[in-house]
Protein chains: 2
Amino acid sequence: MTAKTPWKRDCIDCPLLHCEGLRPLDKDQLKFMQGFKQGEFQIEKGTQSLVQGSISPHVYTLLEGVLFRYRILEDGRRQIVNFVFPGDLIGLQGALDDPLLHGCEALTPATLCVFSRDRMVELFAEQPKLGFDLTWLAAKEEAALEEHLVSIGRRTAKERMVFLALFLIERAAATGLDKKGVFPISITQSQISDTLGLSLVHTNRTLQALRKLKLVNWTVNSISIPDVDVAREFSHYEGSGSGVRPYI
Amino acid sequence: MTAKTPWKRDCIDCPLLHCEGLRPLDKDQLKFMQGFKQGEFQIEKGTQSLVQGSISPHVYTLLEGVLFRYRILEDGRRQIVNFVFPGDLIGLQGALDDPLLHGCEALTPATLCVFSRDRMVELFAEQPKLGFDLTWLAAKEEAALEEHLVSIGRRTAKERMVFLALFLIERAAATGLDKKGVFPISITQSQISDTLGLSLVHTNRTLQALRKLKLVNWTVNSISIPDVDVAREFSHYEGSGSGVRPYI
DNA sequence: TCGCCGCGCTACCATTTGACATAGGGCTGA
DNA sequence: TCAGCCCTATGTCAAATGGTAGCGCGGCGA
């Protein structure tokens, strides 16, 4: 937990309130959350915000930035499990008293909103609608993980990579992080390979092949897709039902 | 949806009440669930209970038997996403209005308890504790999917298979489905391969190799593990924090 | 300014995994 | 009783993917 600037901004100034893809909280909910919120903290690009194996008394909502969640085996093999976008909740995965099962690293500078795990029960009791939303979020995350499972288990290397690119761009667009179909973000090839279950070398080759095929342009600091429809068909991407997401 | 015997047993007679690994509902909760429950239906081994792509107005709790959830790509490739044991909830994955993202097939004769999706909000409003449990379940399922992701993405074929065997036996034991460390269940090699992201042939070869190594004995109608500790270490299995699970 | 280090890239070769073909056993229904 | 089907098992060969090593570039700190 690399905390910085543990300061507390009012919920009325929450950047998520004006995020297009998110359904804003109503007055009552805002008021409740104001009391529920414990603070914020900011992390720099590349820092670990949650550490696998530690016992954390907190749950977080990502306010700004992009992170990824991963798991590591004792011998160092790493699997990136999913990416975290503004509005997503972190730390709810797994049972509530168990040590954290995954780590979390920042791809960009990021801000997190901190909640107490112990007080979660209050939230369900006093704001059933928010409790419902929490379940909704968990269910949605589950669906995303299933997609990735299908990808790694049954898609070829090229398909996986195109699929991932589509997935990332779509989520970026839904949170207003893209610019005209280009998602400006720095993901190393090593991170890509750990997401897709490929070796580093093979990731590199596949990446280049996709550039040549004009399917995906994945460079050091951005992702773009020349023709989304072609890419969709190529990777058997089915879209994500999208619509607005709740948060907090 | 292959319904049979759409009849309704009282919640007081719910078989889950006496399932060792599950935390039983209290009187008040039982009473509420009694009104919430819409009925039961039974399915035979091998039948599809949920169909991918259909829009289902229901959510289910598995009362008896074992199922698996899967996704299929248009070209027929199938990925089994997880296994379902008594007490698990089905149908909450994914957003609530979207078409079902996965199918569900029975490995044994099974009984499902039916709830209305629309009335879920009531549950959160009137029984916050149950709402909380629902989130807990979703979070736990998420954790399981992450495990499988790591498996498929970063473990070798042998490790994956040992891991899966451990996982299944552990869950079976937690719901009283095993017999002295042997889990009597019929899973075809084709189903195993679709779970692990391997080809059928390779699955067969790996299975035999594990038998020779005395790591896992996976036969046509049962799974057993000669030495659990050895298997754990071999597959880098970390156990699942277990403890009692809530349900409904 | 120089050297170090992380990252992308390439080449060569090893290993894992997949595809296709085929055979046998057991179950089921005509 | 026999054909047909599903499942397990085996062999051979091909393709996909991984491992190791080495090069070059650019950022960064001494």
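Note that the coordinates shown come from a computational prediction; the quantities given were computed from them, not determined experimentally. Below, chains carry the letters A, B, ... as their sequence lines are ordered, and counting in each starts from 1.
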A.B. asks: CZ of Arg154(B) versus C1' of dT16(C): gap in Å, rounded?
C.D. replies: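 So the two atoms are 14 Å apart, to the nearest Å.
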
A.B. asks: Quick one: is dG6(C) close enough that its OP1 or OP2 comes under 4.0 Å of any side-chain N or O from Gln189(A)?
C.D. replies: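 Checking Gln189(A) against dG6(C): no side-chain N or O falls below 4.0 Å of OP1 or OP2.
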
A.B. asks: What is the bend of the helix from dT1(C)-dA30(D) to dA30(C)-dT1(D) when you compare the axis at one end with the axis at the other, using five pairs each and rounding to 10°?
C.D. replies: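 Result, rounded to 10 degrees: 40°.
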
A.B. asks: For Ser199(B) and for Ile187(A), locate the closest nucleotide of DNA chain C by heavy-atom distance; then report the residue assigned to the nucleotide nearer the 5' terminus.
C.D. replies: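 Going by which nucleotide is closer to the 5' end, it is Ile187(A).
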
A.B. asks: Any side-chain N or O of Arg211(A) below 4.0 angstrom from OP1/OP2 of dC9(C)?
C.D. replies: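 So the side chain of Arg211(A) is within the cut-off, an N or O lying under 4.0 Å from OP1 or OP2 of dC9(C).
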
A.B. asks: Do Glu147(B) and Phe163(B) touch side chain to side chain, with heavy atoms closer than 4.5 Å?
C.D. replies: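 Glu147(B) vs Phe163(B): side chains touch.
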
A.B. asks: Grab the CZ-P distance between Arg77(B) and dT17(C) for me, whole Å please.
C.D. replies: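 Going from Arg77(B) (CZ) to dT17(C) (P), I get 18 Å.
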
A.B. asks: Spell out, as yes or no, whether a donor-acceptor pair under 3.5 Å connects the side chain of Thr195(A) to the backbone of Gln191(A).
C.D. replies: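 Yes, because the side chain of Thr195(A) sits within donor-acceptor range (under 3.5 Å) of the backbone of Gln191(A).
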
A.B. asks: Check the distance between dA16(D)'s C1' and Leu196(A)'s CG and give it to me in whole angstrom.
C.D. replies: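 Answer to the nearest Å: 15 Å.
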
A.B. asks: NA contact type, Arg155(B), heavy-atom cut-off 4.0 Å: base, sugar-phosphate, or nothing?
C.D. replies: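 Nothing, no heavy atom under 4.0 Å.
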
A.B. asks: Which of the following nucleotides, dT10(D), dT10(C), dT17(C), is nearest to the side chain of Asn204(A)?
C.D. replies: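 Of the options given, the side chain of Asn204(A) lies nearest dT10(C).
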
A.B. asks: Backbone N or O of Arg154(A) within a donor-acceptor pair of the Arg77(B) side chain at under 3.5 Å?
C.D. replies: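 It does hold such a pair.
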
A.B. asks: Can you measure Asp194(B) atom CG to dC7(D) atom P for me and round it to whole angstrom units?
C.D. replies: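 Asp194(B) atom CG is separated from dC7(D) atom P by 11 Å.
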
A.B. asks: Check whether any side-chain nitrogen or oxygen of Gln191(B) sits under 4.0 Å from OP1 or OP2 of dC7(D), and answer yes or no.
C.D. replies: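 Indeed not, no polar side-chain atom of Gln191(B) lies that close.
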
A.B. asks: Out of dT17(D), dA11(C), dC7(C), which has the shortest distance to the side chain of Val201(A)?
C.D. replies: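 When the side chain of Val201(A) is considered, dA11(C) is the closest of dT17(D), dA11(C), dC7(C).
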
A.B. asks: Mind checking if Leu198(A) touches a base, just sugar-phosphate, or nothing, with heavy atoms under 4.0 Å?
C.D. replies: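 The residue Leu198(A) makes sugar-phosphate contact but no base contact.
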
A.B. asks: To the nearest Å, how far apart are Ile152(B) CD1 and dT16(C) C1'?
C.D. replies: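 Rounded to whole Å, this separation is 16 Å.
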
A.B. asks: Start with the C-alpha gap between Glu40(B) and Tyr60(B), add the side-chain angles, then the distance that decides, and say whether side-chain hydrogen bond (donor to acceptor under 3.5 Å, both in side chains) holds.
C.D. replies: CA-CA 9 Å; Glu40(B) 291 183 15; Tyr60(B) 310 88; over 6 Å; no

A.B. asks: What integer distance in Å separates His202(B):NE2 from dC13(D):P?
C.D. replies: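 Interatomic distance, NE2 of His202(B) to P of dC13(D): 19 Å.
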
A.B. asks: Please answer whether the main-chain N or O of Phe83(A) pairs with a side-chain N or O of Arg69(A) as donor and acceptor at a distance below 3.5 Å.
C.D. replies: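 Side chain of Arg69(A) to backbone of Phe83(A): no pair is present.
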
A.B. asks: Using atom types as modelled and distance alone, determine if a side-chain donor or acceptor of Arg71(B) lies under 3.5 Å from a backbone N or O of Glu146(A).
C.D. replies: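 Between the backbone of Glu146(A) and the side chain of Arg71(B) there is no qualifying donor-acceptor contact (under 3.5 Å).
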
A.B. asks: From CD1 of Ile192(A) over to P of dC7(C), roughly how many Å is that when rounded to an integer?
C.D. replies: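 That distance rounds to 12 Å.
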
A.B. asks: With a non-hydrogen cut-off below 4.0 angstrom, is Gly46(A) in contact with a base, only sugar-phosphate, or nothing?
C.D. replies: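 Here Gly46(A) touches no strand at all.
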
A.B. asks: Can a donor-acceptor pair under 3.5 Å be found between the side-chain atoms of Arg205(A) and the base atoms of dG18(D)?
C.D. replies: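 Counting by modelled atom types and ignoring angles, a donor-acceptor contact under 3.5 Å is found here.
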
A.B. asks: Here's a test of your reading of the structure: between Lys158(A) and Gln208(B), which maps to the more 5' nucleotide of DNA chain D?
C.D. replies: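 That would be Gln208(B).
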
A.B. asks: So, the side chain of Ser222(A) versus the backbone of Val182(A): is there a donor-acceptor pair under 3.5 Å, distance only?
C.D. replies: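 No; zero donor-acceptor contacts below 3.5 Å.
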
A.B. asks: Could you check whether atom CD of Gln208(A) has more than 12 heavy atoms from other residues, nucleotides or ligands sitting under 6.0 Å from it?
C.D. replies: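 Yes, CD of Gln208(A) has more than 12 neighbouring heavy atoms, counting only those of other groups under 6.0 Å.
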
A.B. asks: Mind calculating the distance between CG (Leu207(B)) and P (dT8(D)) to the nearest angstrom?
C.D. replies: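 Going from CG in Leu207(B) over to P in dT8(D) covers 9 Å.
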
